[in-house]
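Here is the structure we will look at.
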Protein chains: 2
Amino acid sequence: MVSGDRKKSRATLLDVARRANVSRATASLVIRNSPLVGAATRSRVEAAMEELGYVYNMGAARLRAERSQTVGVIVPNLTNPFFAELLAGIESVVDAAGMVVLLANSADQVDRQNTLVRRMREHGVDGIIVCPAAGTGVELFERLADWGLPLVQVLRHFSAQADYAGVDYAGGMRQAVDYLSSLGHERIAFAVHGPVHPAYQERVDGFRDAMCSHGHDASMIVRVPSKIAQIAEATQLLFEQKAEPTAVICFNDVIALGLAAGLYDRGIAIGRDLSLVGFDDVTDAEAVRPRLTSVSTMPVAIGENAARLLLERLADPALQPRRLVNRTTLHVRQSCGPAAVLTL
Amino acid sequence: MVSGDRKKSRATLLDVARRANVSRATASLVIRNSPLVGAATRSRVEAAMEELGYVYNMGAARLRAERSQTVGVIVPNLTNPFFAELLAGIESVVDAAGMVVLLANSADQVDRQNTLVRRMREHGVDGIIVCPAAGTGVELFERLADWGLPLVQVLRHFSAQADYAGVDYAGGMRQAVDYLSSLGHERIAFAVHGPVHPAYQERVDGFRDAMCSHGHDASMIVRVPSKIAQIAEATQLLFEQKAEPTAVICFNDVIALGLAAGLYDRGIAIGRDLSLVGFDDVTDAEAVRPRLTSVSTMPVAIGENAARLLLERLADPALQPRRLVNRTTLHVRQSCGPAAVLTL
DNA sequence: CACAAGCATTAGATCGATCTAAAAGTTAAA
DNA sequence: TTTAACTTTTAGATCGATCTAATGCTTGTG
């Protein structure tokens, strides 16, 4: 039984039909559980499928019907836990709809992204969820619209012509600034890094607006390296500003954790000498000491939203482009203290 | 131009052929850049493809030829950064081979895993890479062998009949134990959690063997909760052992970070009062203070190995089952100190 | 000059499902 | 009994590629 039956390819719908004494068409109706077939016939066909160990051939089906039950997902970076959670959210909703995720990594490069989109189209995906690479142009969206291939942007909002699921970054910045202000902070720095894209811009703008509305100087924006070890070393950048900050808001938790390490190395007490607010609220925010106060963006929920947007568009392609923007929550822990205590 | 051309479905190979004044068969040969076609014909066909904006229809191709250029990947947990990195490694190799990843999450549940495997087969994947759910039985492997669907196990080695890519967990445990012994530690605890699967068992066995070969008592195995905040709270479990440990080896870095937080809360100095060794060497190991000494398992490399094993099997299905086991590296940082200093 | 060999091209069958439009069977109403 | 209406089933075309086996066209050879 080991060899020999290698050749006998899998049973087809025709085999099932013959065994159940019905036509191919009827068998097909049974699979798609159409209400048209009679109960007796249905169970006869189902029995036949069972006996033959029949497995459905999506590929053949998709050729005729124009649905592949497949969704393409393109992210700029898989190693980043943030995107991993986003992906988990997407996958769970897509899976629950009986569909499957085709995954690819653009490495934040526009040309790779183009290749991937093309490849996904070749594979006949029903739609695409993409966190567009920094520098993505309108062509991408025009091309997909031309092809009639539904697309959902996630996290980075490049085109108003396509659906978008994301987070109110500006609102999150405001929560952080408001909170620090309520503690008496005025000289607040914003530590950033990474490629410039809409999500980046929204955060910077949100910071500026919030600071201005409090009458604070919003010019203290500090660029730090991308790898966590280098961020720690770059901590002194904070103290080379024209006015030394009493608090720092971070573009994301990677920066916050890096700076926390750097501050520790310099003997600066977080929450007393300097207050720190992170962004994203990754699991480790709860694990470090002092616990990191962070703006929670809930990537899993965003992923779920994106997938739902796509499924709804698949169901009704005539829908107007929609935006689904989640609110953030400030998760207050231990990394901030009153500004008054400071004696610089 | 907005509406109206919705109907004109994408150009087919026949359209291309007609425009280039060749047969469908020739056009097909051009796509698959067969050496059979003449240079002049080839460029004529390529021009036609360009002009018509032709895109290849994988689905149709796969129906006839028995290759889908698709690899199924099933992991037990996407939110875990470890698996995210593993996935990144798999994706990069699969992508470089011009193939695409079909992703799914088993949530470590055997029945979900079965559903997913079936779904992947329906989608006609060429092979599957799976980190099998705890409790997976031999049926899975027998079934896939029956179907002639290549499978690679990753991280958890359940069946000797199928390829496996993983890590020398036992070796890693030995490195940790040897290192701590060299610092004079004898009462070493092993903090574990999560479902029991081969990777779990290998680590436990590795710990026991290494401890015994040093003549130490290997019975201090402590189960902690799974969420990081609860691990911190569970830290006192370490001090309820019959003999208080002077060092702790952790099943993974999540536990290590959780315990580090718990120890901090109790005012116990890591590296002086108690030594701590993590497992996996996630990026945050470098970011916490004191920096965490950890056994590095390099998930990206394992993912790459798994993908390569599968590609090679696809190329030659007659290959004997193979094991590809990576060596670990002990990354010494700051969380361990000599045992002699202790004054409990 | 006939024949073989090699190269480039092609017609037509085929993969395994779905779809359309019609046929067969059943029941109800006129 | 005939007709209409409804339910259930089906034959055959179809989706867009690949594959097989054959064909036409050059060349080279005895």
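Every chain is numbered from 1 and lettered A, B, ... according to where its sequence line falls, protein lines coming before strand lines. Source: prediction; values computed, not measured.
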Could you tell me if the side chain of [Y] sits less than 4.5 Å from the side chain of [X], heavy atoms only?
X	Y	answer
A:Tyr164	A:His157	yes
B:Glu312	B:Arg322	yes
A:Thr136	A:Arg156	no

Without decimals, in angstroms, what is the distance between [X] [atom1] and [N] [atom2]?
X	N	atom1	atom2	answer
B:Arg62	C:dG16	CZ	P	14 Å
B:Glu66	C:dC15	CD	C1'	7 Å
B:Glu122	C:dG16	CD	C1'	14 Å
A:Arg67	C:dA17	CZ	P	19 Å
B:Asp15	D:dA17	CG	C1'	13 Å
A:Met58	C:dG16	CE	P	16 Å
B:Leu14	D:dT14	CG	C1'	13 Å
A:Leu13	D:dT10	CG	P	12 Å

Passing candidate, salt bridge (charged side-chain N to carboxylate O under 4.0 Å, His left out) with B:Asp126, options B:Arg67, B:Arg313, B:Arg62
B:Arg67
Under the side chain to side chain contact (heavy atoms under 4.5 Å, CB included) test, residues paired with A:Asn305 that sit two or more places apart
A:Ala165, A:Arg308, A:Leu324, A:Asn326
Out of A:Val125, A:Leu103, A:Leu102, which one pairs with B:Val100 under the side chain to side chain contact (heavy atoms under 4.5 Å, CB included) rule?
A:Leu102
When rounded to the nearest 0.5 Å, the distance separating OG1 of B:Thr12 from CG of B:Asp15 is 5.0 Å
Distance in Å, A:His197 NE2 paired with A:Cys131 SG, rounded so as to fall on 0.5 Å steps:
7.0 Å
Summarise protein proximity over nucleotides 4-10 of chain C in one line of letters, 5' to 3': B for base, S for sugar-phosphate only, - for none, counting protein heavy atoms closer than 4.0 Å.
----SBB
Starting the side chain at C-beta, find the nucleotide from D:dC15, C:dT18, C:dA17 nearest to A:Ala60.
C:dA17
The bend of the helix from C:dC1-D:dG30 to C:dA30-D:dT1, taken between the axes of its five terminal pairs at each end and rounded to 10°, is 60°
D:dG16 phosphate, OP1 or OP2, under 4.0 Å from B:Arg64 side-chain N/O
no
If you compare every side-chain N and O of A:Thr12 against the phosphate oxygens of C:dC15 (OP1, OP2), does one of them come in below 4.0 Å?
no
Between B:Arg44 and B:Ala20, which heavy-atom pair has the shortest distance, and what is it?
NE-O, 3.0 Å
